[in-house]
Chemist: 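Before I ask anything, let me first share the structure, which is written out below as structure tokens.
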Amino acid sequence: EAAVTQSPRNKVAVTGGKVTLSCNQTNNHNNMYWYRQDTGHGLRLIHYSYGAGSTEKGDIPDGYKASRPSQENFSLILELATPSQTSVYFCASGDHISNERLFFGHGTKLSVL
Amino acid sequence: TQTVSQSDAHVTVFEGDSVELRCNYSYGGSIYLSWYIQHHGRGLQFLLKYYSGNPVVQGVNGFEAEFSKSDSSFHLRKASVHWSDSAVYFCAVSANTGYQNFYFGKGTSLTVIP
């Protein structure tokens, strides 16, 4: 079974601080995604990547940066965290050929105080 | 503009009842339609998908979904639910080419009363 691992599982940050959420996949998938999940909004796409070295803006990229240093790793960076970024963040990977389905990590619960 | 609409935010049924969770979409071109399940505190897990062929597709744990082009729908059904089916269900649409994104509905929370 394909594996996507996120770290940390829980994070408490202070307003204005820098936060890095990490994601590692062992599926050898080209495509990786960062979503946030909020009540009433479902899943919203923040950034995505088509392979090492590439990052693209999703639907809600403001306040976030992404980094894809390798096929396996995809990070989401909050340079100046704000309370509005309190959410649950999910990383996912997908095969670029079939694009049939996504494999999700367990999520990171971020609280910005 | 791609949209995925799940009209019911919450559905409550009793164990053994049948259930249908609705999904309507708006998307141009050739697409995949899929359903995912999210148990509390967990990530989303793939249930089933449709691309072409038989409009009724079978998934895990007795779930099935039916595609309707005329209605732009892809509703999820189960004939007899179990309490462990309580979860949030997401409908998703994606293009059938590799470099396209997945768009999710807002989810339907299913509660099954034992």
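This structure is a prediction, so every number in the text was calculated from the model and none was measured. Note on naming: letters A, B, ... go to the chains in the order of the sequence lines (proteins, then strands), and numbering restarts at 1 for each one.
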Chemist: Should the heavy atoms of other residues, nucleotides or ligands under 6.0 Å from NZ of B/Lys49 be counted, would the total exceed 12?
Modeler: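 It does not: B/Lys49 NZ has 12 such atoms or fewer within range.
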Chemist: If hydrophobic clusters are built from ILVMFWY residues whose side chains come within less than 4.5 Å, do A/Leu80 and A/Leu113 share one?
Modeler: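 Different hydrophobic clusters.
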Chemist: Side chain to side chain contact (heavy atoms under 4.5 Å, CB included) with A/Leu43: which of B/Phe104, B/Tyr103, B/Tyr36?
Modeler: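 Single pass found, and it is B/Phe104.
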Chemist: How long is the straight-line distance from CD of A/Gln37 back to CZ of B/Phe90, given to the nearest 0.5 Å?
Modeler: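 Going from CZ on B/Phe90 over to CD on A/Gln37, the span is 4.5 Å.
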Chemist: Is there a path of hydrophobic side-chain contacts, each under 4.5 Å between heavy atoms of I/L/V/M/F/W/Y residues, joining B/Val56 to B/Trp35?
Modeler: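 Per the 4.5 Å side-chain linkage, B/Trp35 and B/Val56 are not co-clustered.
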Chemist: Let me check something: do A/Tyr35 and A/Ile77 share a hydrophobic cluster, defined by ILVMFWY side-chain heavy atoms less than 4.5 Å apart, either directly or through other members?
Modeler: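 No; tracing contacts between hydrophobic side chains, which count when under 4.5 Å, never links both residues.
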Chemist: Given a strict heavy-atom distance threshold of 4.5 Å, which part of B/Gln38 is in contact with chain A: side chain, backbone, both, or neither?
Modeler: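 Contact with chain A involves the side chain of B/Gln38 alone.
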Chemist: When you measure from the side chain of A/Tyr33 to the backbone of B/Phe102, do you find a donor-acceptor pair of N or O atoms at a distance under 3.5 Å?
Modeler: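 Between the backbone of B/Phe102 and the side chain of A/Tyr33 there is no qualifying donor-acceptor contact (under 3.5 Å).
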Chemist: Does B/Leu48 belong to the same Ile/Leu/Val/Met/Phe/Trp/Tyr cluster as B/Val93, with side-chain heavy atoms less than 4.5 Å apart forming each link?
Modeler: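 Same cluster: B/Leu48 reaches B/Val93 through Ile, Leu, Val, Met, Phe, Trp or Tyr contacts under 4.5 Å.
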Chemist: Side chain, backbone, both or neither: which part of A/Asp38 has a heavy atom under 4.5 Å from chain B?
Modeler: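 Neither; nothing under 4.5 Å.
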Chemist: Show the numbers, then the answer: is there a side-chain contact (heavy atoms from CB on, under 4.5 Å) between A/Phe104 and B/Arg42?
Modeler: CA-CA 9 Å; A/Phe104 282 84; B/Arg42 305 292 299 276; over 6 Å; no
Chemist: Are A/Val112 and A/Val14 grouped together when hydrophobic residues (ILVMFWY) are joined by side-chain heavy atoms under 4.5 angstrom apart?
Modeler: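 No, no single cluster joins them.
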Chemist: Heavy-atom distances under 4.5 Å only: say whether A/His41 touches chain B with side chain, backbone, both or neither.
Modeler: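 When you check distances to chain B, only backbone atoms of A/His41 fall under 4.5 Å.
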Chemist: Once you round to the nearest 0.5 Å, how far does CZ of A/Phe90 lie from CG of B/Leu44?
Modeler: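 A/Phe90 CZ to B/Leu44 CG: 6.5 Å, rounded to 0.5 Å.
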